[in-house]
Each structure stands twice: as C-alpha cells, then as structure tokens.
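Just so it is clear: chains get the letters A, B, ... in the order the sequence lines come, proteins before strands, and each one is counted from 1.
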Amino acid sequence: MYTETQATHPAGRQSDRSRTRPRRRNLGHRILGSGLVEALAAPHGVDRYLELVRPGWSLHDVRAELTAVHHPAPDSVTLTLRPNHVWRGFAAGQFVRLTIEIDGVQRSRCYSPASSVHRADGLIELTARAHPEGLVSRFLHHRAVPGMVVGLEQAAGDFVLPPERPERIALVSGGSGITPVMSMLRTLLDEEYRGEVAFLHYARTADRVPYARELARVSAEAPGVTVAFAYTRGEHRGELEGYFCAEHLRAVAPDAAATHTYVCGPPGLIDAVRAAGDPALVHSESFVPPALTLDTGDAVGAVSFARSGVDAPNTGATLLEQAEMAGLKPAHGCRMGICHTCTCRKLAGGVRNIRTGELSSTEDEDIQICVSVPTGSVALDL
Amino acid sequence: MTDTVPTLTPEQLDIFGQELDAIRQRALDDLGERDIDYIHRMIRIQRGLEVTGRGLLFASFIPPAWLAGVAALSLSKILDNMEIGHNVMHGQYDWTGDPALSGHGFEWDTTCPSDQWRHSHNYMHHTHTNIVGKDRDLGYGILRISEEQSWNPYYLGNPAYAILLALFFEWGVAFHDLEVERLGSGDVDWAEKRDLAAGIWRKASRQVLKDYVLFPVLAGPQAPLVLAGNATANIVRNVWTFTIIFCGHFPSGVFEFSEQETEEETRGEWYFRQLLGSANLTGSKLFHIMAGNLSHQIEHHLFPDIPAHRYGEIAAEVSELCARFGIPYNTGPLGKQFGSVVKKICRLALPDKLRRSAPAPAAAPAPTPRPEAVPVAA
C-alpha cells in the first residue's frame with residue numbers, strides 16, 4: 001500500500017527540488033483518504049487507526065523508518081531513513097525536524113539531510129553528532145536501530161542552492177555543519193555539474209570527520225571538485241591549518257570574487273567567511289544550541305505573543321496575567337494549574353512553574369500559562 | 001461512614017496541603033515510559049475492540065455475532081470515553097508532547113464536543129466541586145441531588161428523570177454547557193449560547209451520521225441490526241458512565257459546600273474540599289480500568305492531571321494521610337455506593353415536610369452534614 005515514489009531525475013537537470021515530483025496516489029490512499037472513511041473513523045481520524053497497524057503509516061503525518069544505522073566517526077551516527085508517502089522531498093541544504101520518544105516524552109530536533117536529493121531509492125540520510133548534553137543526539141547515537149520509526153516534518157529552510165547553479169561554488173562547514181553542504185555536493189555530483197566546487201571543512205581532529213573517505217575519493221576522482229580539511233586541534237594536519245581565513249578560501253577557490261559561498265557551522269566561522277568575501281555571495285546557516293542558562297532572578301527580557309503580534313516587557317507575573325495586561329484574552333479556567341484550559345504552546349524561552357518550581361527552556365512545548373512565570377524572554381503561540 | 005466533620009486548624013490544613021503536594025510531586029517526577037506504554041496499550045485495546053465490534057455487527061445474521069459485536073463496541077466506547085478520553089482531556093498526558101495525546105486536541109466518541117466538556121468539567125466541575133450553585137454537576141440541572149435545592153412538584157419525577165438521564169447520558173453531557181434550564185428561566189441569553197449550540201450540532205451530527213446512518217447503510221440488508229447494535233452499545237456506555245459518575249460525588253457521606261465558605265480558599269482547603277466532596281469505589285483492576293479509574297474519584301479530584309492509572313498506587317498514601325488527620329475517606333463497593341445514590345434520588349423527590357413525617361426508611365441514610373458544620377471554611 002505504501003510504495004515509495006521514486007525521484008525521477010534526468011542527468012544534469014538544474015532543479016534539485018525533488019519535491020516537484022508528481023505524487024502518485026494509489027487506490028489504497030484514495031479510499032483511505034476519502035470523506036466516507038474519514039466519517040467512519042470519526043472522531044479520531046484514519047491515521048489513529050493506521051498507525052496501530054504499522055507505526056510508519058499515516059495519511060497526514062510524515063513518518064520515516066530507519067533502514068540503516070552507522071557510526072562514521074566515534075561520536076557520530078548516520079541514519080538512513082525511508083520516509084512515508086507524505087514526505088514531499090527536500091532541497092539540498094534544507095533541514096527536517098525529527099521527533100522521537102524518550103522516556104515517554106516526544107523530543108524534536110532539526111537535522112539537515114546529507115544525502116543527494118536525487119537519490120534513486122528515495123531514502124534520506126541524516127548524520128548527528130552526540131553531544132555530551134544532547135538528549136536526542138545521544139539517544140540516536142546509542143539507541144537508534146533499523147526498523148525504528150521516527151516522526152518528521154516537511155523540509156524547511158532557505159539555505160539552498162539556487163535553481164540555476166552558479167558556475168563557482170564554495171561549500172564551507174564546521175563540525176556537524178557538514179551535513180547540508182554534503183547534500184549540496186552530492187546533489188551537484190548527481191547532476192554532473194560542470195562548474196567548480198571547493199569543499200572546505202573544519203573539525204577539531206581528523207577522526208571526527210564523517211564522510212572523510214568519500215570526500216577524499218570525490219576530490220581525487222571528480223573533475224572540478226577540490227576538498228580541503230583543516231583541523232583546529234590534535235596532531236593530524238589537514239591540507240590547511242587552523243581556523244578559517246581568507247587565504248584558505250583563495251587556496252581552494254582562486255576566483256573567490258565570483259564564487260557563491262555556502263557556509264554552515266558555528267557563528268564564528270560564518271562571521272569569518274562573511275568578512276572574507278562579498279557578503280552578497282555568502283549564504284549561511286548556523287546551528288546554535290539554545291542557551292540552557294535560566295535566570296531565576298529579577299524579571300528580565302520580553303514576552304512575545306506571536307500570533308497576536310504583541311510584545312511586552314516581562315513583568316515577572318504569570319504569563320496568563322501578562323497576556324491579560326497586554327490586552328489579550330487567552331482561554332483560562334481555574335487560574336491555579338488544575339484544569340489545563342489555559343495550556344498553550346511556548347515557542348521559545350525559559351519558564352518556571354510556580355506550582356512545582358520546575359524550570360524549562362524546551363522549545364515548542366505546551367505549558368499552563370496560569371502557573372508559568374518567564375525567567376527571561378519568552379515567545380508564546382498566543 | 002462518619003457524619004461528624006473533622007476539624008482542622010489552618011496550620012494542620014497547610015501541612016495537609018503540603019503532604020498532598022509532595023505526593024503529587026513524587027508522581028510527576030516518576031512520569032515516563034510506563035505511563036505512555038499504558039495509555040498506548042489502552043488505545044490499542046480500544047481501537048481493536050471497536051474494529052472487532054463493528055466487524056461482528058456486520059455479521060449480525062448470526063445472533064451470537066450481534067451480541068458479541070454489541071459487547072465489543074460497548075467496551076470500546078466505555079474505554080474511549082473514560083480511561084482514554086476523559087483522562088487525556090484532563091491534560092494527564094500533556095507532558096508527553098504527543099499531539100495525539102494532547103488534552104486540548106483530543107476528541108472522544110460521544111456527542112459532547114470536547115472543548116465544551118473541558119470547560120464544563122475540567123474547569124467548572126473540578127474547580128468548584130460540590131459547591132452548591134456553582135458546580136453544575138450537582139444534579140446536572142435536571143435532578144434534585146442536594147437538600148439545598150428547594151423542592152418543587154417537578155422533582156416528583158426525580159427517579160424517572162434519573163433513569164432517562166442514565167439512558168441518554170451522552171446527550172445530557174452534550175447539552176450540559178448549554179445550561180438549557182437557565183435559558184428557559186431567562187438567566188442566560190440565547191445569543192450567548194448560539195456558538196455552543198452550533199458546536200454541539202457539528203459534533204453530534206457526525207456521531208449520529210457514523211452510528212445511525214453510514215455503518216448501517218454499509219451493512220446493506222443488515223442495516224436494522226447494525227443500527228440496533230450501535231444504539232445498544234451507546235446506551236450500555238451511557239448507563240455505565242452514569243453509574244460510575246454518580247458514585248463519584250452523590251453517595252451518602254459526601255459533603256457539600258456553599259459559595260461563601262469557599263471564597264479565598266487556600267491550597268490546603270481546596271484539597272480538603274475535593275476530598276470531602278468525592279467518594280471512591282472498591283473493585284478489581286479490571287473494574288478500575290472500565291471505570292476509567294474514576295473509581296478513585298478522591299485521588300482524581302486531588303490530582304486531576306496525573307495519569308489516572310496511578311491513582312490506585314497513590315490511594316494508599318492518601319487514605320493513610322486521611323487516617324492521620326482524622327478525615328473521612330469515603331469508599332465502598334459499587335452496590336453500596338450506587339444504592340445510596342438511588343436512595344438519595346428517590347428521597348429527594350418528595351417534599352421535605354412529607355419526608356420528615358413519613359416513617360423512616362429501613363436504612364436511613366446519614367443526614368448530609370451541612371457546610372456550616374465545616375469549621376475550617378468559616
């Protein structure tokens with residue numbers, strides 16, 4: 001019933017949007033998605049029954065089954081996933097939000113696929129580095145096994161190659177920022193791209209680089225592709241030394257002025273790349289983990305009610321009171337944390353639950369605003 | 001069951017509240033995979049029973065299949081409404097972050113729209129439990145369930161109304177927030193309630209379409225049997241949920257409160273009122289599951305947002321705490337508790353004068369202590 005729609009890709013095509021592929025809806029999908037079946041499955045909906053037959057089955061939610069799990073470097077894990085038919089594909093450089101359940105709680109993180117968008121089997125590949133404090137990345141590193149089903153969202157992000165491929169491209173990455181540019185490189189190779197690609201990667205030590213062997217092979221075999229590694233620590237020397245500087249770019253991409261540079265990594269790397277070239281030609285994406293420090297002292301920051309477009313300085317009162325002070329009328333009931341009428345989505349920021357004293361800075365979580373006090377700037381979906 | 005109301009000093013009530021907060025916190029800290037596995041198992045069983053029941057009803061030409069189909073579908077609806085729907089909609093699983101278990105998003109297999117239920121039940125009933133005049137679950141605007149409701153000839157039909165409410169309980173619940181009885185008296189403006197009525201219409205029509213049109217029509221020549229089967233399952237669920245829910249707050253020995261005495265309640269006083277205003281049922285593990293763990297009504301009212309399958313574990317701590325503070329912990333088997341509810345409904349059908357002059361019933365229920373007698377609230 002759930003056949004994979006394969007990405008059809010004529011060699012050399014200049015659009016990497018596999019999402020433009022026509023979606024094939026077979027008879028099974030048409031019946032299950034019909035108004036009649038939806039009415040019969042009310043009020044829960046067809047998906048709530050389908051997922052019990054097979055966890056990956058859904059008419060509306062993107063889900064994916066892990067088909068392979070590898071550890072390309074000691075602290076990294078590479079997952080190969082087969083998304084269900086709801087998946088619309090991605091553009092090289094975009095990211096997806098992946099959701100897994102840990103100790104009963106659903107946790108989401110964003111990862112950029114590293115695979116080519118033209119991969120014939122339609123699978124996508126994600127590589128995560130297990131940070132010591134990274135709940136999700138550590139779980140994936142230690143506990144992910146083939147057959148596991150994860151939740152996904154449709155790909156998003158503007159860090160993508162333009163449909164008309166530039167003639168000279170530099171792909172610069174630091175640490176786990178390698179994945180979106182790896183996808184760009186693999187996509188260009190699949191397209192038999194005839195321009196020049198310079199691939200520049202920064203890592204602390206050589207053994208931390210996933211895809212090192214593949215990159216070395218590409219550098220040796222693919223015409224027009226130059227790969228250089230730079231290690232900021234350890235004994236191993238790369239082709240380049242130390243942190244990014246303008247000379248590094250010139251060494252791999254002589255005509256830097258006419259080169260479109262795609263950089264993904266820590267903010268310092270991005271700033272350095274911007275300073276070195278024409279900022280108009282630099283496209284960047286930064287993965288910065290959210291600050292986990294929670295200020296429990298005096299009220300600081302601002303409360304942003306995203307849906308209403310209202311911002312107000314944090315007064316230190318409960319979010320329900322602050323919303324009402326700002327002229328909003330959020331749904332509420334008991335005002336004492338009992339009835340959950342006021343529950344709403346916190347998009348970002350830290351809060352303290354005044355009933356339990358619990359602190360939380362998780363993004364995208366539901367909170368009871370009548371008993372939540374912001375510990376800094378907070379954004380609510382209100 | 002003791003009739004005297006315990007006297008607790010404000011200091012004792014504070015300690016009592018802190019002890020309950022500590023029980024709550026221990027349960028919250030322990031939430032995890034066990035809870036999610038439990039509710040997922042319940043959902044799998046419910047959906048399995050539902051599909052099986054509907055399938056068997058399609059084979060209704062074999063009489064045992066009809067009976068088995070009705071049984072499976074009834075059990076499915078009971079599980080859906082009680083152990084899953086009621087509990088999920090309390091936000092008991094909001095901590096999982098799973099949209100399918102979100103207290104705000106869940107919709108259940110009854111004619112009552114979930115958003116109206118969350119208002120009338122989670123907020124109105126759970127916040128104002130057993131406060132006469134504020135908790136509309138006291139009699140549902142239909143019955144006389146408290147001495148405080150003054151008698152009028154309408155209440156002669158009290159037992160008959162109770163039977164009708166039991167048979168059509170989902171409809172009573174669906175129209176609950178509409179406050180029909182107050183619309184008639186002019187207390188509430190119809191215009192205010194138009195959106196609610198539209199919501200009930202949308203939800204109820206989908207339920208009616210599914211149970212009384214689509215499934216019967218799909219069954220072709222067996223349409224009447226499928227229709228009768230679906231109707232029977234709905235009624236079985238209605239009577240069962242009515243029975244369990246009426247045992248939660250109406251058995252003898254449960255206390256009522258007035259608006260004045262519950263103003264400016266502390267957390268400890270709130271817990272105290274929840275405890276005195278609720279009653280438990282004893283029974284097997286299966287009984288508790290089929291009761292949606294509302295058989296642990298006391299624990300549910302103390303901790304409405306803790307996963308209900310934990311109430312049984314918490315109950316030992318709560319009853320021990322009550323014993324220590326000399327607070328009555330109202331519990332008993334279904335027969336005894338429901339029997340006292342039936343007696344109360346019948347007794348309150350009669351005018352107070354007539355009742356007093358009438359010969360005392362064989363087992364006179366204990367007089368419900370009046371709120372004035374609760375010193376802590378004074």
Next on the checklist: With chain A as the partner, which of B/Asp305, B/Ile36, B/Thr96, B/Leu218 has the greatest number of non-hydrogen pairs under 4.5 Å?
Outcome noted: B/Thr96
Checklist entry - Closest approach of B/Arg267 and A/Met336, non-hydrogen atoms and distance? => result NH2-O, 3.3 Å
Checklist outcome for this item: One should read off an interatomic distance between B/Glu33 CD and A/Ile102 CD1, to the nearest 0.5 angstrom, of 10.0 Å
Checklist entry - Where do A/Gln106 and B/Pro99 come nearest, in terms of heavy atoms and distance? => result OE1-CD, 4.0 Å
Checklist outcome for this item: Rounding to 0.5 Å, atoms CG (B/Asp37) and CD (A/Glu101) come to a distance of 7.5 Å
Checklist entry - Using a distance-only test with no angle check, is there a side-chain donor-acceptor pair under 3.5 angstrom linking B/His104 and A/Asp366? => result no
Checklist entry - Quick one: SG on A/Cys334 to NE2 on B/His128, what's the gap to the nearest 0.5 Å? => result 9.0 Å
Checklist entry - How long is the span from the OG1 atom in A/Thr341 to the NE2 atom in B/His119, to the nearest 0.5 Å? => result 7.5 Å
Checklist entry - Is the centre of the A/His332 ring less than 6.0 Å from the centre of the B/Tyr123 ring? => result no
Checklist outcome for this item: When rounded to the nearest 0.5 Å, the distance separating CZ of A/Arg48 from CZ of B/Arg47 is 8.0 Å
Item to check | With sequence neighbours excluded, residues passing ring-ring contact (aromatic ring centres under 6.0 Å, His included) with B/His121 | outcome: B/His86, B/His90, B/Trp117, B/His125, B/His126
Checklist outcome for this item: To the nearest 0.5 Å, atom CD1 of B/Ile45 lies from atom CG of A/Leu52 at 11.5 Å
Item to check | Check against side-chain contact (heavy atoms from CB on, under 4.5 Å), A/His44 and B/Asp80 | outcome: CA-CA 10 Å; A/His44 302 304; B/Asp80 177 281; 2.5 Å; yes
Item to check | Side chain / backbone / both / neither for A/Arg355 at chain B, heavy atoms under 4.5 Å | outcome: side chain
Checklist outcome for this item: Nearest heavy-atom contact between B/Lys210 and A/Pro43 is NZ-CD, 4.0 Å
Item to check | ring-ring contact (aromatic ring centres under 6.0 Å, His included) contacts touching residues 18-50 of chain B (sequence neighbours left out) | outcome: B/Tyr38-B/His309
